[in-house]
Amino acid sequence: MKETYKKVLKKIQNVSEVSVTMDETDFYENIVKNIFIKEMKYKTENSYSIEFGQTFQTKDMVIRSFVYGIYEKELFLLSKFIKEKNCTWGILIHPAGMCLMNSKIGKNSNDDFKNSNIVLEILYGLNTDQKYFEYFSADNTIGERKNACFFKDIIDYKNNVYKGTEKSWYAYHSGLKRFLAYFAEHKGDYGYEDNIYDSIEYVFFVEFVKKGTSCKSLTSARNLFFYIKDFMQAKSEKNEFDDPDRVKVSFPEFMPKDRKQDVFLIDKLKAALGFLKWERSRNGIRNKTLLLFLLAYGMERRKLCALKWENINFRNKQLVIEKKKYPMPTYLLEMLKELEDQGMSKKFVFCNNSGEALSDGAVNTILSGIVKVDVQDEFYRQLTPANIRRYLAKYLFDHAYPLEKILYIMDIEGYKLESYISKKDIEKAFWRRCEDPIICSEGQHPMEDFLEKLR
């Protein structure tokens with residue numbers, strides 16, 4: 001919170017501490033009118049406003065104070081009043097604190113916990129929303145910035161989308177407030193955009209964790225991701241927060257040093273492929289082909305599970321997805337042909353015994369079983385889709401495969417590059433001469449030779 005707002009809140013709190021000697025009128029004049037309304041810029045020369053009783057009204061905001069009333073009753077009366085006046089925002093100020101409410105928040109009549117329209121609440125002496133006091137300002141409610149709408153959207157999500165318990169909500173609420181306040185402070189205002197959430201990308205989450213939190217563990221980063229994930233999926237259709245596996249890739253500094261291990265080791269991958277083929281006779285070919293597919297493209301689980309036979313062009317040796325064409329390694333094509341001949345599904349490449357597409361969880365189960373090759377060797381625990389994707393990008397880059405082709409073959413958005421190849425790696429590569437570059441003809445898959453070594 002900016003220092004200016006800290007001083008205003010401190011002034012209000014200090015005067016409130018001696019308000020026991022004030023009646024309703026004095027409290028309104030001294031605290032609400034002379035400090036809050038003035039310092040938070042609700043009354044300007046060009047704005048229309050009226051005052052009556054202990055109430056101030058201007059365009060889309062009602063500010064009211066009380067000293068002697070019952071808190072819950074005064075909240076109800078203000079909520080009712082702002083609806084009657086067709087206002088969006090209301091602020092209630094009393095000797096022990098203040099709250100910001102919004103009349104446009106949807107309510108859930110089946111659950112009292114999901115019936116609140118309180119956006120932010122400050123109670124002096126308690127760990128409440130003091131750090132978000134600046135969002136009570138005119139600029140952030142009825143002005144140009146409108147950043148209080150971020151917090152309004154959080155409560156609307158809680159009332160109408162959130163599926164967790166009331167006990168769990170505190171962690172979700174805290175994580176979302178910190179995340180969106182950091183966005184408002186460093187990236188942009190809620191303002192008048194059609195959907196501000198479409199502009200919030202996963203890379204911003206990485207920046208937030210590294211610069212806006214004191215997070216020091218992968219568990220904490222993953223927890224934060226999940227608190228934010230469901231909210232963002234409800235607010236945007238851009239799928240930026242669909243894949244939790246990206247968290248591990250994004251924060252290698254949180255991984256214990258002895259667990260970081262390159263997964264592109266020929267002998268150990270051959271052992272893993274051999275295990276997958278014979279460990280379950282019926283699904284062995286499917287499981288081996290699945291791992292080869294990951295090694296070739298570093299494909300994310302949901303895309304892997306959605307693959308259909310119509311995406312495989314055997315004649316042209318191409319993978320075709322949404323009109324984009326990708327070359328395919330010979331070994332992978334041969335395994336796909338074997339899999340097709342089994343006839344488990346005429347639609348999905350990777351399916352279960354009923355012919356339905358594999359789930360994300362089933363992919364994890366298949367790969368986690370590889371640990372049986374050698375339970376003492378940490379390598380086999382590292383064969384996850386996220387790790388393979390990360391190390392495939394590094395393998396291709398380290399072997400001088402052109403950066404633009406890495407982005408294409410792995411379907412990586414340019415702005416997400418640093419999640420896979422760091423700026424430091426790129427700077428080192430500029431001065432390094434590659435001793436073992438990938439050399440392949442136009443239209444040949446860059447992992448052709450590597451996969452051949454896995455036969």
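On a predicted model such as this, the values are computed, not experimentally measured, just so you know.
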Once rounded to the nearest 0.5 Å, what's the spacing between atom [atom1] of [X] and atom [atom2] of [Y]?
X      : Y      : atom1 : atom2 : value
Leu383 : Ile366 : CG    : CD1   : 13.0 Å
Lys268 : Phe379 : NZ    : CZ    : 6.5 Å
Glu448 : Ile439 : CD    : CD1   : 14.5 Å
Ile426 : Leu403 : CD1   : CG    : 6.0 Å
Ile63  : Leu92  : CD1   : CG    : 11.0 Å
Ile370 : Asp374 : CD1   : CG    : 13.0 Å

Residue pairs involving residues 416-431 (criterion salt bridge (Lys or Arg N to Asp or Glu O under 4.0 Å); sequence neighbours excluded):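 Qualifying pairs: Glu240-Lys416.
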Examine the side chains of [X] and [Y] and answer whether a donor and an acceptor come within less than 3.5 Å of each other.
X      : Y      : value
Thr165 : Ser168 : yes
Thr330 : Glu452 : no
Thr128 : Gln130 : yes
Tyr190 : Asn140 : no
Tyr172 : Asp230 : no
Asn117 : Ser79  : yes
Tyr202 : Ser250 : yes
Glu378 : Gln382 : yes

[Y] and [X], any side-chain heavy atoms less than 4.5 Å apart:
X      : Y      : answer
Leu392 : Met410 : yes
Val119 : Trp89  : yes
Met335 : Ile285 : yes
Leu292 : Leu454 : yes
Ile196 : Phe150 : yes
Ser199 : Phe183 : yes
Asp411 : Tyr297 : no
Phe251 : Ser217 : no

Stepwise side chain to side chain contact (heavy atoms under 4.5 Å, CB included) check, Glu207 with Lys187: CA-CA 11 Å; Glu207 177 186 325; Lys187 296 299 178 181; 3.0 Å; yes
Do you know the tightest heavy-atom contact between [X] and [Y]?
X      : Y      : result
Ala184 : Asp189 : O-OD1, 4.1 Å
Ile200 : Phe179 : CG2-CZ, 3.7 Å
Leu332 : Ala296 : CD2-CB, 4.1 Å
Ala221 : Phe254 : CB-CE1, 4.1 Å
Leu358 : Arg286 : CD2-NH1, 3.7 Å
Ile82  : Thr88  : CD1-O, 4.2 Å

Any pair counted as side chain to side chain donor-acceptor pair (under 3.5 Å), so long as it reaches residues 308-322, sequence neighbours left out: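 Matches after skipping sequence neighbours: none remain.
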Side chain to side chain contact (heavy atoms under 4.5 Å, CB included) assessment of Phe241 paired with Phe231: CA-CA 9 Å; Phe241 289 79; Phe231 175 84; over 6 Å; no
Whether [X] side chain and [Y] backbone form a donor-acceptor pair below 3.5 Å:
X      : Y      : result
Asn352 : Gly355 : yes
Lys163 : Val161 : yes
Arg381 : Val375 : yes

[X] NZ/CZ over [Y] ring centroid, <6.0 Å and within 45° of normal:
X      : Y      : value
Lys235 : Tyr157 : no
Lys158 : Phe113 : yes
Lys177 : Tyr132 : no
Arg178 : Phe208 : no

Hey, is [X] close enough to [Y] for a salt bridge, meaning N to O under 4.0 Å?
X      : Y      : value
Lys6   : Glu134 : no
Asp156 : Lys104 : no
Asp243 : Arg302 : no
Glu338 : Lys288 : no
Glu300 : Arg246 : no

Partners passing side-chain contact (heavy atoms from CB on, under 4.5 Å) against Lys394 (at least two apart in sequence or in another chain):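 Checked Lys394 against side-chain contact (heavy atoms from CB on, under 4.5 Å); matches are Tyr391, Asp398.
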More than 12 heavy atoms of other groups within 6.0 Å of Lys325 NZ: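 At most 12 heavy atoms, drawn from other residues, nucleotides or ligands, come within 6.0 Å of this atom.
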Asn127 atom CG, over 12 foreign heavy atoms within 6.0 Å: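 It does not: Asn127 CG has 12 such atoms or fewer within range.
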Parallel, tilted or perpendicular, as decided by the 30° and 60° cut-offs, for the rings of His173 and Trp169: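 The arrangement is parallel - the two ring planes meet at less than 30°.
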Plane angle bin for Phe293 and Phe350 - parallel if under 30°, tilted between 30 and 60°, otherwise perpendicular: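 It falls in the perpendicular class, over 60°.
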Worked verdict on Val363 versus Leu290 for side chain to side chain contact (heavy atoms under 4.5 Å, CB included): CA-CA 8 Å; Val363 173; Leu290 186 148; 4.2 Å; yes
Name of the residue among Thr141, Ile118, Asp129 meeting side chain to side chain contact (heavy atoms under 4.5 Å, CB included) with Leu100: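 For Leu100, the side chain to side chain contact (heavy atoms under 4.5 Å, CB included) test succeeds with only one of Thr141, Ile118, Asp129, which is Thr141.
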Close aromatic pair by centroid cut-off 6.0 Å: Tyr380 and Phe275: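 They do not qualify: ring centres at least 6.0 Å apart.
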Residue pair Lys41, Asp139: steps toward the salt bridge (Lys or Arg N to Asp or Glu O under 4.0 Å) verdict: CA-CA 8 Å; Lys41 311 297 184 187; Asp139 199 21; over 6 Å; no
Verdict with supporting geometry, Lys11 and Glu39, salt bridge (Lys or Arg N to Asp or Glu O under 4.0 Å): CA-CA 10 Å; Lys11 189 190 298 184; Glu39 301 283 358; 3.3 Å; yes
Verdict with reasoning, Leu304 to Leu294, per side chain to side chain contact (heavy atoms under 4.5 Å, CB included): CA-CA 8 Å; Leu304 190 72; Leu294 287 170; 4.1 Å; yes
